[in-house]
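Keep in mind the model is a prediction, meaning the values are calculated, not measured.
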Amino acid sequence: ADEKEAIYRAFAAQSLALIGGARAFVEAARAGGLQMAVCTASTLPNMALAFRLHGIDGWVEHVVSPADVASGPGPAVPLRGKPHPDIFLEAAQRLGLAPEHCIVFEDAPLGVEAARRDAGSGADDDPRRRTLRVLRQPDRDRARFHDTRAGRPDSGVPEERTTESK
């Protein structure tokens, strides 16, 4: 497993790219005063690589992964990975927001499932659970962020050309 991860990092160091429009989207969100967190199942060394390559650590208040433990009252229990919503709920708590005031951007089916789980599902007994909203599940063949206001003279959102990934 360690060898596989090292091979991945060597490859990613040369080719890891942001989804088209992500930087402009984050800059607009930050300018609008929104708080952000990264919720990832990635390993710590893989996260560090992506953050170093793209400066992501300057974009977010918190990074939450299954390597963390739950904060707040009660015992410090490890966070479960996707499809459990633990990392999303923990991010909301660390941001000081109710989960229903959070929007999740997710690119993996298990992550979308995790974000959609709520108290009515009976899947977990988490008192923090409310409905997290999944704003977008990118098309896996043409993933990109797109603001429909982009390029309009009154939008304040710059037009950005994006490269579609395959």
- Note on the structure: Nearest heavy-atom approach of Ala114 to Phe88 is CB-CE1, 3.7 Å
- Nearest heavy-atom pair of Ile87 and Cys39: which atoms, and what distance? O-SG, 3.5 Å
- Message: Please report the interatomic distance CG(Leu53) to CG(Leu18), rounded to the nearest 0.5 Å.
- Response: 9.0 Å
- Task: Calculate, to the nearest 0.5 Å, the distance between atoms CG and CZ belonging to Leu44 and Phe51 respectively.
- Result: 10.0 Å
- Message: According to side chain to side chain donor-acceptor pair (under 3.5 Å), does anything in residues 45-55 pair up with another residue at least two apart or in another chain? List the pairs.
- Response: Glu5-Asn46, Arg9-Asn46, Thr43-Asn46
- Which ILVMFWY residues are connected to Leu95, directly or by a chain of links, through side-chain heavy atoms under 4.5 Å apart? Leu97
- Output all residues satisfying side-chain hydrogen bond (donor to acceptor under 3.5 Å, both in side chains) with Glu27, sequence neighbours left out; order by chain, then residue number. none
- Whether Glu113 side chain and Lys82 backbone form a donor-acceptor pair below 3.5 Å: no
- Task: Look only at the side chain of Asp86 and the backbone of Arg80, and say whether a donor-acceptor pair between them is shorter than 3.5 Å.
- Result: yes
- Closest contact, heavy atoms only, Thr40 versus Ser65: O-CB, 3.1 Å
- Message: Rounded to the nearest 0.5 Å, what separates atom NE2 in His62 from atom CD in Gln93?
- Response: 10.5 Å
- CZ of Phe105 to CD1 of Ile19: how many Å apart, nearest 0.5 Å? 10.0 Å
- Say you draw a straight line from CG of Leu34 to CD1 of Ile103; how long is it, rounded to the nearest 0.5 Å? 8.0 Å
- Any idea which heavy atoms bring Ala12 and Leu49 closest together, and the distance? CB-CD2, 3.6 Å
- Nearest heavy-atom neighbours spanning Glu90 and Ala70: OE1-CA, 3.5 Å
- Is there side-chain contact between Leu16 and Tyr8, with heavy atoms separated by less than 4.5 Å? yes
- Task: May I ask you to say whether Arg30 pairs ionically with Glu61, meaning some side-chain N is under 4.0 Å from a carboxylate O?
- Result: yes
- Note on the structure: In short, Val64 meets Leu79 closest at the heavy-atom pair CG1-CD1, 3.6 Å
